[in-house]
K.L.:
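Shown below is the structure under consideration.
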Amino acid sequence: MIAAMLAYTLLTQLVPSAQTGRVTTASNLLLFGTSFAFQWGVGAILGDWPSAQGRYDPEGYRVAFGLLLAAQVAAAAWLLTAKETRR
C-alpha cells in the first residue's frame, strides 16, 4: 500500500499539474490489469498439473509462486541498480 502511494507521488511530479489525474488513472488501470494477468497466470500454471479430490497439486503452487518470487527479485534488482537521474 505504501509503495503504491509513493508511486503516485513520484509519477505526479513528472507531469504538469493539469495532467496528474490522467497519470493516476493510467497507473490504476495498469495496476488492475497487471493484477488480473498475474492471477490468471497463476491459475493457468496450476491448471498444468493434475488435480486430485478438487485440490491443485502442490508442485504447481511451487512453480507459480516461484515464478512470482523470481519476478519480484528481478524487479528489486533492477530498481536497486538503477542510476538516479536529476531533472
Side-chain angles (χ1 to χ4, degrees):
M1 182 72 166
I2 293 174
M5 288 187 287
L6 282 174
Y8 291 134
T9 303
L10 295 173
L11 285 173
T12 56
Q13 290 178 358
L14 297 174
V15 297
S17 59
Q19 300 295 318
T20 57
R22 290 182 182 189
V23 168
T24 302
T25 301
S27 180
N28 279 333
L29 181 63
L30 181 64
L31 173 75
F32 283 109
T34 305
S35 297
F36 170 77
F38 278 123
Q39 289 179 23
W40 177 86
V42 168
I45 291 170
L46 290 176
D48 285 344
W49 275 266
S51 59
Q53 300 173 348
R55 296 183 177 160
Y56 290 109
D57 188 4
E59 183 64 24
Y61 281 104
R62 280 189 208 95
V63 171
F65 292 145
L67 289 172
L68 289 175
L69 179 63
Q72 289 182 9
V73 169
W78 177 59
L79 288 172
L80 292 173
T81 59
K83 294 181 180 175
E84 185 177 337
T85 58
R86 302 257 178 199
R87 283 180 37 144

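For the single chain, residues carry numbers from 1 onward in sequence order. We use all heavy atoms of the structure for the numbers below, so side chains are in, but hydrogens, waters and symmetry mates are not. Values in this document were obtained by computation on a predicted structure and should not be read as measured data.
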K.L.:
On a heavy-atom basis, which atom in Leu46 and which in Gly60 lie closest, and how many Å separate them?
P.N.:
CD2-C, 3.5 Å

K.L.:
Do Thr12 and Thr24 make a side-chain contact, defined as non-hydrogen atoms from C-beta onward lying under 4.5 Å apart?
P.N.:
yes

K.L.:
Can you measure from OG (Ser27) to CZ (Phe32) and round to the nearest 0.5 angstrom?
P.N.:
10.0 Å

K.L.:
Calculate, to the nearest 0.5 Å, the distance between atoms OG1 and CG belonging to Thr34 and Leu29 respectively.
P.N.:
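Nearest 0.5 Å value for the OG1-CG distance: 8.5 Å.
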
K.L.:
So do Val42 and Phe38 actually touch side chain to side chain, heavy atoms under 4.5 Å?
P.N.:
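A side-chain contact is absent here, since even the closest heavy-atom pair is not under 4.5 Å.
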
K.L.:
Would a hydrophobic clustering, with Ile, Leu, Val, Met, Phe, Trp and Tyr connected at side-chain separations under 4.5 Å, put Ile45 with Leu68?
P.N.:
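No, Ile45 does not connect to Leu68 through the hydrophobic network.
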
K.L.:
What is the minimum heavy-atom distance between Asp57 and Pro50, and which atoms define it?
P.N.:
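Closest pair (atom of Asp57, atom of Pro50, distance): CB-O, 3.6 Å.
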
K.L.:
Does one hydrophobic cluster hold both Leu67 and Tyr56, with members joined at side-chain heavy-atom distances below 4.5 Å?
P.N.:
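Leu67 and Tyr56: separate clusters.
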
